[in-house]
Amino acid sequence: MKLILLGPPGAGKGTQAQRLEENHGYIQLSTGDMLRAAVAAGTEIGLQTKDLMARGELVPNDVVVEIISERIDLPDCVDGFILDGFPRNVAQAEALDEMLADKNLKLDAVVEIAVNDGILINRIEKRASETVGGPREDDNAESLKNRLVVYHEQTAPLIEYYHNKGVLKSIDGMADVDEVSKQIEEVLKQR
Ligand code: ADP
C-alpha cells in the first residue's frame, strides 16, 4: 500500500501514519521528522533547513525530493509506505509522480484529513504545552500562523491535483482519533 496523507499542520497525519505503521507495517515517511533529525544531528541539510523550519517556511523542494527518493529505495518500503508531510506543493507532487514512474511504483490512494483552522490552532497549542522536553521550535503562534498560510497557498492545491487524478479520498479529521483511523481503514479496504 502506497499512501499519501494530506492535511494541514495539526490534522493528525503523524498520529494516523504511526497507527498504520503499527497495524500494517507500512513505513511512515515523515519529511518533518526526517528534517528535525537532520537539524538535531547537525548535518549539512540540517544546517541548511533549521531557520526555514523554525519560521514555518518550506525547505527547498530538491532537498525533500532527494530525501524521499533515497528512503523509498530502502528494502523496508517494499510492503508499503505512508507519505506524511510530502508532497507539500505542486512541484513536489510532480517530482513524486516522476520518481514513482521511474521506480515502477504506483500510488494507491491520497487521503485528505480535513480539519478547519480554528481547531488546528487549539490542537497545536495543546501539543506544544504537552510535549515532553519542551515544544517543537515551530510550535509557536507566529510560526503556526505562517504554516497555515503556506498550507493554504501551496499545499491545499494538491487536493484538486489528486482529485483530478481520481485518487483522492477525503475524510473528516474533526472526528476523534479512533474514528479517523476507522475512516482511513475503510478507504484502504476499498483499494
Ligand atoms: P506540520 O505538518 O505540523 O507543520 P511537519 O513536521 O510536517 O509539521 O513539518 C515541519 C516543517 O518541516 C515544515 O514547516 C517545513 O519547514 C519542513 N518540511 C516538512 N516537509 C516538507 C516538505 N515536503 N517540503 C518543504 N518543507 C517541508
Side-chain angles (χ1 to χ4, degrees), residues 3-22 26-72 74 76-77 81-93 95-96 111-159 173-174 176-177 180-181:
L3 201 67
I4 295 177
L5 293 182
L6 199 60
K13 301 184 295 293
T15 304
Q16 296 299 334
Q18 275 167 22
R19 287 185 170 205
L20 288 165
E21 182 167 287
E22 278 161 28
Y26 311 144
I27 304 297
Q28 175 190 13
L29 303 180
S30 160
T31 41
D33 286 351
M34 295 177 198
L35 292 168
R36 277 185 289 279
V39 170
T43 65
E44 199 177 318
I45 286 179
L47 294 174
Q48 191 188 344
T49 56
K50 185 177 195 297
D51 292 345
L52 289 167
M53 290 176 71
R55 290 201 301 271
E57 307 280 348
L58 295 187
V59 313
N61 290 336
D62 54 350
V63 171
V64 280
V65 169
E66 177 79 16
I67 290 181
I68 287 291
S69 178
E70 286 179 0
R71 185 64 188 82
I72 286 177
L74 297 186
D76 59 347
C77 285
F81 53 81
I82 307 145
L83 295 171
D84 160 13
F86 178 88
R88 243 180 168 87
N89 57 31
V90 171
Q92 291 180 15
L96 176 65
V111 179
E112 181 210 358
I113 305 179
V115 182
N116 69 37
D117 282 7
I119 287 191
L120 297 172
I121 293 170
N122 292 339
R123 282 188 185 176
I124 292 180
E125 282 171 350
K126 189 159 169 276
R127 173 169 84 190
S129 71
E130 288 173 351
T131 308
V132 184
R136 257 166 57 176
E137 209 179 339
D138 60 352
D139 274 349
N140 59 71
E142 189 63 25
S143 171
L144 173 58
K145 222 171 66 194
N146 207 17
R147 278 148 65 205
L148 288 174
V149 169
V150 169
Y151 176 78
H152 288 294
E153 285 180 0
Q154 300 202 45
T155 311
L158 296 181
I159 295 167
M174 258 110 49
D176 70 45
V177 184
V180 173
S181 301

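Only a predicted model underlies this, so the values are computations on that prediction, with no experimental measurement involved.
Of the possible donor and acceptor atoms, one in the side chain of E21 sits under 3.5 Å from a partner among the backbone N and O of Q28. In terms of modelled atom types and a separation under 3.5 Å, the side chain of K13 and the main chain of G85 share no donor-acceptor contact. Side-chain atoms of Q154 never come within 3.5 Å of backbone atoms of V149 as a donor-acceptor pair (strictly under, hydrogens ignored). Distance alone, capped at 3.5 Å, places no donor-acceptor pair between the S143 side chain and the D139 backbone. Remark: the backbone N or O of I45 is paired with a side-chain donor or acceptor of T49 at under 3.5 angstrom. A donor-acceptor contact shorter than 3.5 Å is absent between the side chain of K50 and the backbone of A40.
Here the shortest heavy-atom pairing between Y151 and P9 reads CB-CD, 4.1 Å. Nearest approach of A128 to P135, heavy atoms of both residues: O-CB, 3.6 Å. What you find for A11 and L120 is that their closest heavy atoms are N-CD2, 3.8 Å. Contact detail for V177 and Q16: the closest heavy-atom pair is O-NE2, 3.2 Å. The nearest pair of heavy atoms linking T155 to P87 is CG2-O, 4.4 Å. Between N61 and A91, the shortest heavy-atom contact is ND2-CB, 3.6 Å.
Rounding to the nearest 0.5 Å gives a distance of 10.0 Å between CG of L6 and CZ of R88. Residue I67 holds its CD1 atom at 7.5 Å from OG1 of T31, rounded to the nearest 0.5 Å. Between the CG atom in D84 and the CG atom in L3 there is a gap of 10.5 Å [rounded to 0.5 Å]. One finds the CZ atom of F81 at 8.5 Å from the CD1 atom of I68 (value rounded to the nearest 0.5 Å). Atoms CD1 and CD1, from I72 and I27 in turn, are 12.0 Å apart once rounded to the nearest 0.5 Å. If you take CG on D62 and OG on S69, they are separated by 12.5 Å, rounding to the nearest 0.5 Å.
For residues 111-120, the set of pairs meeting the side chain to side chain donor-acceptor pair (under 3.5 Å) definition, not counting sequence neighbours, comprises E112-S170, D117-H152.
Every residue two or more places apart in sequence or in another chain that forms a salt bridge (Lys or Arg N to Asp or Glu O under 4.0 Å) with E130 is listed here: K126. Legend: residues meeting salt bridge (Lys or Arg N to Asp or Glu O under 4.0 Å) with R123, ordered by chain and number and at least two apart, are absent. Not counting sequence neighbours, the partners of R136 by the side chain to side chain donor-acceptor pair (under 3.5 Å) test are D138. Partners of Y26 under the ring-ring contact (aromatic ring centres under 6.0 Å, His included) rule, at least two apart in sequence or in another chain, are H24. Applying the salt bridge (Lys or Arg N to Asp or Glu O under 4.0 Å) test to R19 and every residue at least two apart in sequence or in another chain returns D178.
Annotation: E57, atom CD; neighbour count of heavy atoms from other residues, nucleotides and ligands within 6.0 Å is above 12.
You'll find the side chain of L96 reaches within 4.5 Å of the side chain of F86, heavy atoms only. A 4.5 Å side-chain heavy-atom check between V90 and L158 finds at least one atom pair inside the cut-off. Looking at E153 and N89, their side chains never come closer than 4.5 Å, going by heavy atoms from C-beta outward. With a 4.5 Å cut-off on side-chain heavy atoms, R36 and M53 count as touching. Side-chain atoms of L74 and R71, non-hydrogen and from C-beta on, do get closer than 4.5 Å to each other. Looking only at side-chain heavy atoms (C-beta outward), L35 and V63 come within less than 4.5 Å of each other.
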